[in-house]
Protein chains: 2
Amino acid sequence: MVPTPSRATAAPADADPAAGSPAEEGLRERKKRARRAALIDAAQMLVAEHGLDAVTVEMISAEAGVSARTFFNYFESKDDAVLGAEDSGLPEDVVEAFVAGGPTGRLLPDLEALVASLLRPHAEAHDRVVRAMDLMQQEPRLLQRHVLWMDRHKNRLVELFEARRASAPFSTDNELLTMLVLLLIRTALVAWEHAGYTGDPADHLPAAVAQLVDVVTHDLDS
Amino acid sequence: MVPTPSRATAAPADADPAAGSPAEEGLRERKKRARRAALIDAAQMLVAEHGLDAVTVEMISAEAGVSARTFFNYFESKDDAVLGAEDSGLPEDVVEAFVAGGPTGRLLPDLEALVASLLRPHAEAHDRVVRAMDLMQQEPRLLQRHVLWMDRHKNRLVELFEARRASAPFSTDNELLTMLVLLLIRTALVAWEHAGYTGDPADHLPAAVAQLVDVVTHDLDS
DNA sequence: TCATCTTATTGCAGTAGATGAAATTTTGCG
DNA sequence: CGCAAAATTTCATCTACTGCAATAAGATGA
């Protein structure tokens with residue numbers, strides 16, 4: 001049997017109108033990208049409709065026109081596909097600025113800058129992230145994967161913190177700082193959600209920081 | 001015995017949730033407790049030795065002398081058994097104090113008090129928590145479950161925040177506050193771990209708060 | 001002590017996520 | 001075209017987890 005309409009998606013071939021085609025990208029890379037996107041779309045659509053547990057990877061794979069085994073060549077788990085998790089690393093320049101003790105020289109604003117650059121890629125894949133956020137509310141299990149993602153980056157973050165200590169010493173524990181990063185990410189994303197997903201997630205970062213400062217300093221005041 | 005008319009179905013009557021009085025405990029409850037403990041011990045021991053993925057629930061069950069099916073009568077998942085997760089709620093008096101705007105009237109210290117009471121039960125089951133913490137470092141997947149636990153309590157926390165708003169208004173978002181609770185819990189636990197698990201996890205809470213204040217206020221100073 | 005009701009354990013069958021390996025197809029390129 | 005590299009698929013297998021029906025083990029009351 002194998003009713004795979006694999007042709008269907010690949011049909012438009014290279015009918016690229018205009019020369020807008022990403023020249024540097026081979027056909028192979030192209031298809032890979034397309035498949036991945038198709039799988040994420042299928043996963044998010046099906047889960048939104050039937051719920052996380054009612055959707056099997058076979059359904060998702062069938063919807064995307066690939067075998068179930070191929071699915072796992074693209075994602076480590078079903079949940080990953082639903083979240084459409086992309087592991088885009090931190091930009092070089094931002095990292096360099098941070099470890100050098102910049103850009104402002106004060107830890108909290110510099111963390112903010114770091115988080116902003118972590119949030120930026122989320123703005124690009126706007127729709128997918130929005131769908132992922134919505135699904136995360138309905139399916140708390142997905143929030144767990146979000147944390148696993150965090151855990152993967154944790155080592156990298158700790159490296160950055162250690163590196164920065166050399167040029168601009170500070171006393172705060174690495175653990176607290178990573179949790180602070182997580183707090184900022186989450187707060188900004190939720191604020192973005194509450195704002196109806198308008199604009200950029202990073203836009204809500206300053207407000208998050210302001211709130212944090214508020215809570216902590218109120219402690220000292222009154 | 002007083003002739004109580006309405007006791008159609010088995011009345012749990014006392015049902016003392018606190019494990020304080022073993023005398024009042026029937027043999028059934030006893031065995032249940034013992035089995036549960038045996039399963040947790042077996043799970044933690046085996047995982048410590050062979051790693052999380054190399055240990056099957058069959059091994060754990062066999063080690064504890066029960067069937068694999070029974071295992072799932074006690075735990076929702078393998079990971080839960082390894083963590084030995086207990087869902088002890090917040091004490092009444094602490095909750096009341098918090099929603100009334102106390103005990104200090106300032107949000108951050110009051111959050112600290114709340115977290116302290118969340119950490120206290122961890123001190124009782126000292127050994128198991130220690131082993132769970134160690135395993136969490138080796139097996140990041142377990143950290144996810146820790147978050148699921150958090151998620152379960154999140155609704156309760158949000159209720160508390162909302163209730164407190166009535167008597168002692170504040171502007172901070174619920175999301176930021178829950179993340180702050182998570183940050184304090186995690187920071188205190190890690191500090192406790194670094195201290196060689198001496199004393200109480202809650203002992204390290206003040207230091208965590210101090211660090212947080214430090215990071216945020218340094219922003220304002222320089 | 002026995003009869004009985006309730007509750008816990010178990011065996012069995014089945015679903016579904018995830019992985020490894022070999023076979024097959026697709027793509028890149030000279 | 002024809003060959004080599006890479007990706008997809010098929011197939012077998014493991015394991016976590018669940019529902020159901022049968023059975024064993026406390027609890028209870030006379």
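First the proteins, then the strands, lettered A, B, ... as listed; each starts at 1.
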Worksheet item: When the distance from CG of B:L39 to C1' of C:dA8 is rounded to whole Å, what number comes out?
Response: 13 Å
Practice prompt. Please determine if a side-chain N or O atom of A:K32 lies less than 4.0 Å away from the OP1 or OP2 oxygen of D:dA7.
Written response: yes
Worksheet item: Quick one: on DNA chain C, does A:V55 or B:F71 contact a more 5' nucleotide (nearest heavy atom)?
Response: B:F71
Worksheet item: Any side-chain donor paired with an acceptor under 3.5 Å for B:Y197 and B:D127?
Response: no
Fill in: Value in whole Å for how far the C1' atom of C:dA16 lies from CD1 of A:I60
12 Å
Practice prompt. Would you mind reading off the distance between A:N73 atom CG and D:dT9 atom P, rounded to a whole angstrom?
Written response: 9 Å
Worksheet item: Taking the side chain from B:W192 and the backbone from B:G199, do they hold a donor-acceptor pair closer than 3.5 Å?
Response: yes
Worksheet, complete the sentence: The answer to which of A:A68 and B:S77 contacts DNA chain D further toward the 5' end, by nearest nucleotide, is A:A68
Worksheet item: A:K78 has an atom NZ; how far is it from atom P of D:dA16, in whole Å?
Response: 17 Å
Item to complete: Give one of base, sugar-phosphate or nothing for A:F75, where a contact means two heavy atoms less than 4.0 Å apart.
Response: nothing
Worksheet item: Would A:K154 and A:E159 count as a salt bridge (charged side-chain N to carboxylate O under 4.0 Å, His left out) if you check the C-alpha gap in whole Å, the side-chain angles of each, and the deciding distance to 0.1 Å?
Response: CA-CA 9 Å; A:K154 190 178 164 185; A:E159 281 175 33; over 6 Å; no
Item to complete: Using the salt bridge (charged side-chain N to carboxylate O under 4.0 Å, His left out) rule, take A:R164 and A:D110 through it: C-alpha gap first, then chi angles, then the decisive distance, then the call.
Response: CA-CA 11 Å; A:R164 183 184 167 112; A:D110 290 353; 2.8 Å; yes
Discussion item. Using OP1 and OP2 only, check whether a side-chain N or O of B:Y74 sits under 4.0 Å from C:dA8.
Written reply: no
Worksheet item: Given B:R131, which of B:I40, B:L83, B:D41 fulfils the side-chain contact (heavy atoms from CB on, under 4.5 Å) condition?
Response: B:D41
Worksheet item: Where the side chain of B:F72 is defined as all heavy atoms beyond and including C-beta, which of D:dT18, D:dG26, C:dG17 is the nearest nucleotide?
Response: D:dT18
Worksheet item: Axis-to-axis angle across the helix from C:dT1-D:dA30 to C:dG30-D:dC1, five pairs an end, to 10 degrees?
Response: 10°
Worksheet item: Between atom CG in B:D53 and atom C1' in C:dG20, what is the gap in whole Å?
Response: 15 Å
Fill in: Rounded distance in Å - CD (B:E29) to P (C:dT6)
17 Å
Practice prompt. Write down the distance between CZ (B:R30) and P (C:dA8), rounded to a whole number of angstrom.
Written response: 17 Å
Worksheet item: Is B:K31 near enough to D:dG26 that one of its side-chain N or O atoms lies under 4.0 angstrom from OP1 or OP2?
Response: yes
Discussion item. Heavy atoms from C-beta onward define the side chain here; which of C:dT6, C:dG11, C:dA16 lies closest to that of B:R69?
Written reply: C:dG11
Practice prompt. Tell me whether the OP1 or OP2 atom of C:dT9 has a side-chain N or O from B:T70 closer than 4.0 Å.
Written response: no
Worksheet item: Can A:R165 and A:E162 be counted as an ion pair, charged N to O under 4.0 angstrom?
Response: yes
Discussion item. Taking the nucleotide of DNA chain C with the nearest heavy atom to each, does B:R28 or B:V66 sit closer to the 5' end?
Written reply: B:R28
Practice prompt. Measure the distance from CZ on B:R36 to P on C:dT9 and round it to the nearest whole Å.
Written response: 12 Å
Discussion item. Tell me whether the NZ or CZ atom of B:R35 lies within the 45° cone about the ring axis of B:Y74 and under 6.0 Å from its centre.
Written reply: no
Worksheet item: Is B:T56 touching bases, backbone alone, or none of the nucleic acid, heavy atoms closer than 4.0 Å?
Response: sugar-phosphate
Practice prompt. Any side-chain hydrogen bond (donor to acceptor under 3.5 Å, both in side chains) involving residues 45-60 of chain A? Give me the pairs, sequence neighbours left out, ordered by first then second residue.
Written response: A:D53-A:R141
